[in-house]
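First the structure, in the form of structure tokens, and then the observations on it.
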There are 2 protein chains.
Amino acid sequence: MTEVEKTLDNKSVRPTAMRILIYKFMASKNTAVALTDIENAFDKAERTTLYRTLKTFEEKGIVHQIDDGTNISKFALCEPGCNCEIDQDLHLHFHCGQCDKTVCLTEHKIPQINLPQGYIAEDVNLVIKGICDSCNDH
Amino acid sequence: MTEVEKTLDNKSVRPTAMRILIYKFMASKNTAVALTDIENAFDKAERTTLYRTLKTFEEKGIVHQIDDGTNISKFALCEPGCNCEIDQDLHLHFHCGQCDKTVCLTEHKIPQINLPQGYIAEDVNLVIKGICDSCNDH
DNA sequence: CCATTAAATGCACTTCTGTTGCACCATCTA
DNA sequence: TAGATGGTGCAACAGAAGTGCATTTAATGG
């Protein structure tokens, strides 16, 4: 059993060939990926399979979905310290308008926000748009 | 010249009949609206016109686009103090998962965030999801 | 006031993402 | 080995975003 298989198994996700491939692909990227990105990375990839795989991954806490304002859902592997579900530990995301890549800034936590009376927060999404360090170099 | 016409004119937007209607509709709502919302509000509304009108409005600083995580673009009128373009003055948005409405919390500003070396922020988007005060009452 | 020009609108159509239903295949278990 | 469960592939659809082009509407200059 490989590392990846163990990881999936730990999260109660059956480590099928496709899932392992998808996981490895995402692990090889340091940016959040769209469904289409994965689809294009493999010759014979089925949209539906990817769609449902990512959904499963998300439910089991293997990846988290990112909404970076492009109206295209992105996904990124959860790192060991990534407690997506717990309000207090949400990191923020950065979307580069030049290379169109979205990255997790895991070390940057979202500060506590006080809401008006009567509002209950369940989830927080903070995306900063701008120029990333790679694009900034040029 | 009515108030609305003056407002549009101030922003260098020609106050056509359709634009005035759209503006009034948005002003009558205290929530952000989707293109489809406007389309459904009027009998004879053309999606393309709405689409381009909102785009014009946005360019001229009359409305700001909100990405509330539903993957449907929402728009809200900019209030007098709404400096959408200036980093320092961005307010946050709240999306209620129950009534599916998105509101601007104009009095709640987004705190300053320190980015890693090399990253340049141009825009910030902060959306809190949860239950709004109206839904919370019941 | 009319003619010219530019802007706004309406219609048709395309593209892309997200989503579902159904059939088939793989895997696990009794 | 048979049956159940879950994963995958194919086809199709829905909804939003976006584009091109023809037509109408509004502004401007003579």
Side-chain angles (χ1 to χ4, degrees), chain A residues 1-2 4-5 7-9 11-25 32-60 62-76 95 97 100 102, chain B residues 1-2 4-25 32-60 62-75 95 100 102:
Chain A
M1 225 187 202
T2 69
V4 175
E5 287 179 76
T7 308
L8 296 183
D9 210 64
K11 303 277 188 176
S12 321
V13 172
R14 271 163 56 174
T16 66
M18 202 61 215
R19 286 172 175 179
I20 293 168
L21 277 177
I22 295 174
Y23 188 96
K24 281 184 180 166
F25 174 75
V33 297
L35 194 147
T36 311
D37 296 332
I38 311 179
E39 196 181 3
N40 294 337
F42 301 103
D43 274 359
K44 64 185 281 9
E46 187 45 40
R47 285 182 58 76
T48 316
T49 304
L50 298 179
Y51 170 69
R52 286 195 263 237
T53 299
L54 290 172
K55 213 166 175 179
T56 305
F57 278 12
E58 196 196 0
E59 279 163 11
K60 296 304 171 65
I62 296 172
V63 304
H64 57 270
Q65 188 167 357
I66 303 166
D67 169 33
D68 63 4
T70 58
N71 272 358
I72 297 173
S73 293
K74 305 275 168 63
F75 298 86
H95 177 72
D100 199 43
T102 301
Chain B
M1 227 188 200
T2 68
V4 175
E5 286 179 76
K6 270 186 222 161
T7 309
L8 296 183
D9 210 64
N10 266 341
K11 304 276 188 175
S12 320
V13 172
R14 272 162 56 177
T16 66
M18 201 62 213
R19 286 172 173 177
I20 293 169
L21 277 178
I22 294 174
Y23 188 96
K24 281 185 180 167
F25 174 75
V33 297
L35 194 144
T36 312
D37 295 333
I38 310 179
E39 195 180 5
N40 294 335
F42 301 103
D43 273 0
K44 63 185 285 2
E46 188 43 41
R47 279 228 345 275
T48 314
T49 306
L50 298 180
Y51 169 67
R52 286 195 263 235
T53 300
L54 289 172
K55 211 166 177 179
T56 305
F57 277 12
E58 195 195 1
E59 279 162 10
K60 297 302 171 62
I62 296 172
V63 304
H64 57 270
Q65 189 166 358
I66 303 166
D67 170 33
D68 62 6
T70 58
N71 273 357
I72 298 173
S73 293
K74 304 273 170 61
F75 298 86
H95 175 72
D100 200 44
T102 301

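We name chains A, B, ... by the order of the sequence lines, and we start the count at 1 in each one.
- Here T53(B) lies in heavy-atom contact (under 4.0 Å) with sugar-phosphate atoms only.
- The line from OG1 of T56(B) to OH of Y51(B) is 10.5 Å long, rounded to the nearest 0.5 Å.
- L35(B) places none of its side-chain heavy atoms less than 4.5 Å from the side chain of K74(B).
- Side chain R47(B) to base dA16(D): no donor-acceptor pair is found below 3.5 Å.
- Map Q65(B) and A45(A) each onto its nearest nucleotide of DNA chain D; the residue landing nearer the 5' end is A45(A).
- At dA26(C), none of the side-chain N or O atoms of R14(A) fall inside 4.0 Å of OP1 or OP2 (strictly under the cut-off).
- Here the side chains of F75(B) and I66(B) are not in contact, with every heavy-atom distance at 4.5 Å or above.
- If you measure from atom NZ of K74(B) to atom P of dG15(D), you get 15 Å, rounded to the nearest angstrom.
- What separates CG of D68(B) from P of dA16(D) is a distance of 13 Å, to the nearest Å.
- Listed nucleotides dG9(D), dC11(C), dT17(C) differ in distance to R52(A); the shortest reach to its side chain belongs to dG9(D).
- Checking the phosphate oxygens (OP1, OP2) of dA7(C), no side-chain nitrogen or oxygen of T16(B) falls inside 4.0 Å.
- We find that CE of M18(B) is positioned 15 Å from C1' of dT24(D), with the value rounded to whole Å.
- As rounded to whole Å, 16 Å separates atom C1' of dG9(D) from atom CG of L21(A).
- The separation between D9(B) atom CG and dA26(D) atom P is 15 Å, rounded to whole Å.
- Summary of the strand contacts: E39(A) and T49(B) both lie near DNA chain C, and taking for each the nucleotide with the nearest heavy atom, the more 5' one is attributed to T49(B).
- D37(B) has its CG atom 13 Å from the C1' atom of dA16(D), to the nearest Å.
- For R19(A) against dG7(D), a side-chain-to-base donor-acceptor contact under 3.5 Å is absent.
- For the pair K60(B) NZ and dA8(C) C1', the computed distance is 12 Å after rounding to whole Å.
- A close approach under 4.0 Å does occur between a side-chain nitrogen or oxygen of Y51(B) and OP1 or OP2 of dG18(D).
- Of the candidates dG18(C), dC10(D), dT9(C), dC10(D) carries the atom nearest the E46(A) side chain, counting heavy atoms from C-beta on.
- Remark: side-chain polar atoms of N40(B) are paired, donor with acceptor, to backbone N or O of T36(B) under 3.5 angstrom.
- Put simply, T48(A) has no side-chain N or O that comes within less than 4.0 Å of OP1 or OP2 on dT19(C).
- Under the 3.5 Å distance criterion, with hydrogens and angles disregarded, no donor-acceptor pair is assigned to the side chains of S73(B) and D67(B).
- In this structure, N71(B) atom CG and dT19(C) atom C1' are separated by 13 Å, rounded to whole Å.
- Residue-level contact check: S73(B) touches the backbone only, with heavy atoms under 4.0 Å from sugar-phosphate atoms and none from bases.
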